[in-house]
Amino acid sequence: MGQQASNYQVAWLLEEIGDLLEIRGEDAFKVRAYRRAAQVLRGWAEEVARVAADGRLTEIPGVGKALAAKIEEILATGTCRALERLRQEVPAGLRQMLDIPGVGGRTVGTIWRALGITTLAELEEAARQHRLRTIRGLGAKKEEAILHGIELLRVRLERSPLGLAYPVARELVGYLASLPVVERVEIAGSVRRGRHLVKDVDLVAASPEPARVMDFFVHMPVVDEVVLQGETRSRVRTRFGLAVDLRVVSREEFPCAWQYLTGSADHNVRLRGRARERGLKLNEYGLFAVDGQRLPVGEEADMYRQLDLQFIPPELREDRGEIEAAEAGSLPVLLEDGDLLGDLHCHTDWSDGGNSLEEMARAAMARGYRYLGICDHSRSLTVANGLDAERLARQGAEIEVLNRKWEKEGKDFRLLRGIEVDILADGRLDLEDEVLAGLDIVIASVHSGFRQDRETMTARIERALRHPHVDVLGHPTGRLIGRRSEYNVDIRRIFEVAREEGKALEINASSDRLDLSDELAREAALEWGIPLVINTDAHSAGGLEDMHFGVQVARRAWLGREHVLNSADPDRLLSFLRRS
Ligand code: DGT
Ligand code: CA
Ligand code: ZN
């Protein structure tokens, strides 16, 4: 764990400065500078205190002289005067409004200055009374969006998308691990199991001094509220209203505590019963013989072994047959992050992406990929600046140039020329056959007419999937987690057609989609034998990191690398794509 507490602390405070400046209506450039520096520090391997001591702060990308001075002040005093002034000026409730989906600091600041609103409750009331739409530059549409956003935030207080919870969990683990008395700290609960919606984040730590760990935990700069503080268990609320539980145990207790807190509860109940059948006792503190003697459990796997089971990966622990399979020794070898050799669906600044072809390619190479499919939007998606035949051809030419350059340099990497072609309302595709024929990969997706009835939608997708040039159906059900449900489609019929036509279905790994879901991916691959691809649908270089979520979907679906096309080397992949 290279990252250190000071890096996170500094990053969090810089981010807060950025937020408060934005609410105050400062120049966007300045706001972005703070956020960017925070982002860089989060991922910085070297401890920032060390960098500062050596006088090398300005060597960190995005850190100039002025920022370096603030970082030094934060390292010395735990805060800085600029931040303290902003905190005095901008009420704390305003920053929490930034958690409302679709609401930025500018809007929050405008509302604050116009109506003096400083809390979420006041904001909601004002929106209901249609007072927001009277503000210059806001209007009725924005008012509705804010109300909808508040509703979403409320839902999130109950259940958060994994895409929000996981990065927070990772960051807190990094932060806690930096405390010397913490011997080990891990993510547990539904986040570790990779469920797409989670009630809270569960963390478990091993330490001989739980009180000190708890004290450190409840005083983290990102804590909005301490819900409960106990000697070995505490609960706080942090960004996005997300609740985080921390349990601290001894080193000896750690493996069983981690296993217990990972769950699921159903899986645990089965294990406890199994222990009982063997005359043992299993609980969150350990595995014990009848006489109370503790059995040696150095790792989770030891506990499973003591119960005559194969080690069961966390994603499978839902009591969906994994215990029977582990008993029979027939658990599948699950897909791993490192198995993927490329991503087949990403966007660039040719349509609605934030990065250039080359920037996306560099990010893919940095992940060790051997190929990256460039599938920008097609022309009918005008809001996303979709490509027509002519721009697509120009993009293709640019890709060729890059590929040739890399080939000369001896790099084992290539971009695939592709498109995410819109499936029009009647199932025709948005580009001509000749255009599609010249590409390496064609992903067809629905981006409009979501309210069609079941029969129309099913026939529409079926027609697209039967098109000879289509290789993959993108985000097959169209759900947006916590925002939009699946469109009304007979997904089994789609499975049938995909099998008949030898087409692949996508597990869209974008954290707000995860579509296919784990249940549907399992059915498609294991019951129908349909090949799957896992794609991030990244709209920026950082978006490629969502691949981890897609891999977890596949693992929860009991799938291995043999079920996923983009675990194949480029030649095998291309031969599949040419066949269809
Ligand atoms: P969620 O609802 O998304 O937070 O899902 P989990 O699984 O993270 O549930 P949570 O946070 O209530 O509890 C974390 C783990 O603690 C859970 O997966 C298994 C364990 N656990 C909690 N309550 C019970 C229980 O009543 N019986 C057993 N056997 N285990 C429990
Ligand atoms: Ca949980
Ligand atoms: Zn799409």
Side-chain angles (χ1 to χ4, degrees), residues 196 344-345 375 377-381 383-384 386 418-433 435-437 439 441-510 512-535 537 550 553-554 556-557 559 563-565 576-577 579-580:
H196 72 285
L344 299 176
H345 180 179
C375 293
H377 290 293
S378 63
R379 65 183 169 196
S380 75
L381 212 58
V383 287
I419 188 87
E420 183 185 19
V421 66
D422 255 40
I423 302 177
L424 303 176
D426 60 0
R428 279 179 307 123
L429 301 179
D430 189 27
L431 289 167
E432 290 74 25
D433 291 2
V435 177
L436 299 176
L439 297 170
I441 177 167
V442 174
I443 297 177
S445 307
V446 169
H447 291 123
S448 61
F450 302 116
R451 285 157 201 254
Q452 286 178 334
D453 63 55
R454 190 178 177 84
E455 210 175 315
T456 311
M457 182 62 93
T458 306
R460 173 187 182 186
I461 296 177
E462 175 175 345
R463 181 170 176 194
L465 209 46
R466 288 199 193 279
H467 190 290
H469 295 318
V470 168
D471 304 303
V472 178
L473 176 64
H475 43 75
T477 77
R479 76 165 173 185
L480 289 175
I481 295 168
R483 284 192 284 149
R484 188 175 77 208
S485 46
E486 298 79 7
Y487 22 74
N488 197 354
V489 61
D490 179 356
I491 195 74
R492 308 261 137 49
R493 175 71 190 148
I494 301 305
F495 289 169
E496 202 176 328
V497 174
R499 180 165 67 183
E500 254 174 61
E501 298 284 334
K503 300 294 171 76
L505 298 179
E506 182 178 73
I507 294 177
N508 190 298
S510 170
D512 60 350
R513 289 192 183 271
L514 303 183
D515 175 16
L516 298 171
S517 67
D518 49 3
E519 284 102 350
L520 288 178
R522 180 175 178 169
E523 187 179 336
L526 297 184
E527 287 172 33
W528 294 82
I530 299 167
L532 301 179
V533 295
I534 307 181
N535 297 327
D537 196 356
V553 170
R556 290 181 58 81
L559 304 182
H563 299 109
V564 177
L565 283 176
F576 172 87
L577 295 176
R579 205 161 37 81
S580 45

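Numbers for residues simply follow the sequence, beginning at 1. Quick caveat: nothing in here was measured; it's all calculated off a predicted structure. Only heavy atoms go into these numbers, but all of them, side chains included; no hydrogens, no water, no symmetry mates.
By the 4.0 Å N-to-carboxylate-O rule, Arg522 lies too far from Glu519 to be salt-bridged with it. Of the charged side-chain nitrogens involved, at least one lies within less than 4.0 Å of a carboxylate oxygen, so that Arg466 and Glu462 count as a salt-bridged pair. By the 4.0 Å N-to-carboxylate-O rule, Glu432 lies close enough to Arg379 to be salt-bridged with it.
Looking only at atom types and distance, the side chain of Asp433 has a donor-acceptor partner in the side chain of His467 under 3.5 Å away. Defined by atom type and a distance below 3.5 Å, a donor-acceptor pair is missing between the side-chain atoms of Asp537 and Ser510.
Counting only heavy atoms from C-beta outward, the side chains of Leu344 and Val472 never approach each other to under 4.5 Å. Residues Arg492 and Glu527 form no side-chain contact, since every pair of their non-hydrogen atoms from C-beta on lies 4.5 Å or further apart.
Atom CG of Leu565 and atom CG of Asn535 lie 10.0 Å apart (nearest 0.5 Å).
Arg428 CZ: 12 or fewer foreign heavy atoms inside a 6.0 Å radius.
For the residue pair Leu429 and Ile423, the shortest heavy atom distance occurs at CD2-CG1, 4.3 Å. Here the shortest heavy-atom pairing between Ile507 and Ala521 reads CD1-CB, 3.9 Å.
Distance alone, capped at 3.5 Å, is enough to place a donor-acceptor pair between the Arg479 side chain and the Arg513 backbone.
Taking the six-membered ring where tryptophan is involved, the planes of His447 and His377 are perpendicular, since the angle between them exceeds 60° and thus also 30°.
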